[in-house]
Amino acid sequence: MNIHDERGLSLTGADARSAAHYARALRQFHCYIEDPVASVDAALSERPDFVMAHVLKAWLHLLGTEPEAIPVARACHASAAALPSNARERGHVAALAAVLDGHWRRAGRLLEDVSVADPLDLLALQAGHLIDFYVGNARLLRDRIARALPAWSQATPGYHVLLGMHAFGLEECGDYARAEAQGRTAVGIEPRDGWAQHAVAHVMEMQGREREGIAWMRADPAAWSTDSFFRVHNWWHLALYHLELGEIDEVLALYDGPIRGERSTVILDMIDASAMLWRLQLRGIDVGTRWHSLAEDWQPLAAAGNYAFNDVHATMAFVAAGRFDLVETVLETQRAAMAGAGDNAAFTREVGQPLTRAIRAFGERRYDETVRLIRDVREIAHRFGGSHAQRSVLDLTLIEAALRDGQQALALALCNERVGTRPHSPLTRLLLQRAAPLRAAA
């Protein structure tokens with residue numbers, strides 16, 4: 001039986017019923033909603049020899065950087081590799097093998113080849129897009145998608161997914177007007193597209209359009225938050241706007257509610273929690289016991305060592321909660337990671353460990369060391385992943401460390417950077433007031 005997906009791509013081993021479950025799983029993954037694992041499991045229960053169902057399940061378990069999910073992904077990869085498959089499917093299998101071996105960049109290149117040959121393979125584009133994010137490749141976040149765009153039209157199923165990814169790539173490359181237009185179009189097609197919603201949020205964050213950003217996120221939160229894997233991150237974006245405006249009560253309400261209220265132990269959610277509390281702490285806000293519960297939830301991952309970006313955010317929680325024993329566990333694990341052969345060795349060596357040490361130094365009030373370590377890696381921090389908005393916490397930490405160390409000239413210079421992009425921000429004015437009181441008054 002020759003079964004194809006809704007974009008005409010052949011699905012080896014599928015039948016009509018399993019293909020319908022697979023299509024549902026894909027749509028859920030594209031929007032980051034509901035339970036795509038349950039849907040793909042339904043496809044596999046119908047047809048255990050369905051290659052792309054094994055592939056999709058593997059991607060679902062790999063692309064969250066959860067260490068405990070790796071064995072499931074490995075088993076899915078082994079099942080897919082043992083089955084007859086076509087060239088496109090073998091490309092996915094090879095890319096999965098690369099990630100499982102720790103070679104994220106190689107996986108991204110293999111998925112490029114899949115997309116070049118089959119630009120309608122939306123799973124290859126989305127998995128590749130997320131890999132580009134994890135390795136900090138802003139250009140490919142944009143260009144991987146741009147290459148495929150001419151093969152698509154508004155009539156192609158899933159077109160909004162392509163536009164949403166392109167919007168985020170454009171934003172990370174500083175093309176804000178086009179990014180916002182693409183993102184708004186994508187959300188107009190599919191209001192539940194959490195990635196497109198977040199792409200527009202990023203534009204407004206980078207342009208200092210806090211009030212517009214709040215309006216954008218508040219307009220229809222049910223659409224992007226209901227049963228969404230991405231909801232915490234989008235609530236985090238809303239909280240960022242309020243934080244920039246100095247609306248601390250609103251930030252804490254969002255933190256205690258949709259950001260951290262369920263005490264999620266999903267790594268991506270805990271990253272957002274650490275990043276928000278750290279920003280609050282930099283502003284001198286008393287966050288009570290919130291750090292302690294977060295550090296408890298990070299503790300099982302102190303020795304994970306599979307992704308340096310995660311390590312840094314775990315360290316924020318450990319330092320703020322006074323768990324310097326766990327900070328040392330992170331550093332020991334990083335030393336082992338740097339001796340490895342995968343890409344995380346470079347992520348850790350170039351950026352991750354210096355920043356982990358910088359956060360530790362900040363917690364130990366060795367602010368001069370924090371300044372030195374962050375300045376050494378600031379221009380290359382994208383190499384360990386994350387977005388401009390996420391990495392802005394490094395700039396804020398650097399400014400605060402410089403202020404506390406009495407390096408007023410450096411602090412003022414760094415504040416001047418913020419004036420260029422956020423001239424009307426209350427946080428910018430607050431930092432300027434501390435760095436150069438007379439200038440801030442003027």
Side-chain angles (χ1 to χ4, degrees), residues 62-63 65 67 98-109 128-144 169 172-174 267-268 271 274-275 278 298 301-319 326-363 366-399 401-402 410 414 417:
L62 282 179
L63 292 171
T65 72
V99 174
L100 288 166
D101 288 339
H103 298 294
W104 289 82
R105 292 190 178 94
R106 173 166 170 73
R109 174 61 60 84
H129 188 67
L130 290 172
I131 287 172
D132 295 336
F133 173 76
Y134 287 131
V135 304
N137 192 332
R139 178 173 176 176
L140 265 187
L141 278 169
R142 177 193 64 191
D143 293 347
R144 181 188 298 271
E172 288 296 290
C173 289
I267 287 178
L268 297 178
I271 286 172
S274 287
W278 190 260
W298 271 116
L301 295 159
N306 65 310
Y307 186 45
F309 192 81
N310 299 350
D311 296 341
V312 171
H313 287 81
T315 300
M316 291 176 183
F318 298 150
V319 165
L326 294 175
V327 176
E328 188 55 37
T329 299
V330 173
L331 289 167
E332 289 176 4
T333 304
Q334 287 182 331
R335 284 189 279 271
M338 289 187 290
D343 289 340
N344 191 52
F347 301 159
T348 304
R349 180 174 56 254
E350 295 174 359
V351 182
Q353 193 183 62
L355 290 179
T356 299
R357 290 164 53 210
I359 297 299
R360 179 184 65 178
F362 191 95
R366 292 182 287 111
Y367 301 120
D368 59 335
E369 184 174 353
T370 299
V371 168
R372 178 181 60 81
L373 287 166
I374 294 180
R375 289 187 75 187
D376 283 349
V377 302
R378 190 170 175 237
E379 289 78 16
I380 61 168
H382 64 278
R383 294 182 185 174
F384 89 142
S387 65
H388 294 304
Q390 287 176 307
R391 293 190 301 270
S392 69
V393 72
L394 305 178
D395 297 333
L396 294 171
T397 305
L398 177 57
I399 291 171
L410 175 61
L414 295 168
E417 291 182 14

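Heavy atoms only: backbone and side chains are in, while hydrogens, waters and symmetry mates are out.
Under the side chain to side chain contact (heavy atoms under 4.5 Å, CB included) criterion, R106 pairs with A98, H103, L110, not counting sequence neighbours. Listed by chain and residue number, E350 satisfy the salt bridge (charged side-chain N to carboxylate O under 4.0 Å, His left out) test with R383 (two or more places apart in sequence, or in another chain). D132 pairs by the side-chain hydrogen bond (donor to acceptor under 3.5 Å, both in side chains) definition with R144, not counting sequence neighbours. Every residue meeting the side chain to side chain contact (heavy atoms under 4.5 Å, CB included) condition with H388, not counting sequence neighbours, appears here in chain and number order: E171, E172, M206, R391. A search for salt bridge (charged side-chain N to carboxylate O under 4.0 Å, His left out) contacts involving R142 returns nothing, not counting sequence neighbours. In this structure, the side chain to side chain contact (heavy atoms under 4.5 Å, CB included) partners of A358, at least two apart in sequence or on a different chain, are T370, L373, I374. The side-chain hydrogen bond (donor to acceptor under 3.5 Å, both in side chains) check on D368 picks up nothing, with sequence neighbours excluded. Judged as a side chain to side chain contact (heavy atoms under 4.5 Å, CB included), and not counting sequence neighbours, the contacts of R378 are D395, L398, L414, E417. In this structure, Y134 has no side-chain hydrogen bond (donor to acceptor under 3.5 Å, both in side chains) partners at least two apart in sequence or on a different chain. In this structure W278 satisfies the ring-ring contact (aromatic ring centres under 6.0 Å, His included) test together with F362, sequence neighbours excluded.
Among residues at least two apart or in separate chains, side chain to side chain donor-acceptor pair (under 3.5 Å) pairs with a member in residues 330-342 are D311-Q334, E328-R335, Q334-T356.
Nearest heavy atoms, Y367 versus A401: CB-O, 3.5 Å. The minimum heavy-atom distance between S387 and F133, with the atom names listed, is N-CE1, 3.6 Å. Smallest separation of non-hydrogen atoms from G363 and V319: CA-CG1, 3.4 Å. Heavy atoms only, all atoms of each residue included: A381 and L394 are closest at CB-CD1, 3.8 Å. Taking both residues in full, the closest heavy atoms of A317 and W298 are given as CB-CD1, 3.6 Å, listed atom of the first, atom of the second, then distance. Scanning both residues, V371 and A402, for their nearest heavy atoms gives CG2-N, 3.6 Å.
Taking the centre of each ring, H313 and F309 come in below the 6.0 Å mark.
Judged by distance alone, the side chain of S274 and the main-chain N or O of I271 form no donor-acceptor pair under 3.5 Å.
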Return a table of donor-acceptor pairs under 3.5 angstrom between the side chains of residues 340-347 and protein atoms on other chains or two or more places apart.
from	atom 1	to	atom 2	distance (Å)
D343	OD2	W104	N	2.7
D343	OD2	R105	N	2.7
N344	OD1	A308	N	2.9
N344	ND2	G305	O	3.1
N344	ND2	T348	OG1	3.4

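Counting non-hydrogen atoms of neighbouring residues, nucleotides and ligands closer than 6.0 angstrom, the CZ atom of R349 exceeds 12 such neighbours.
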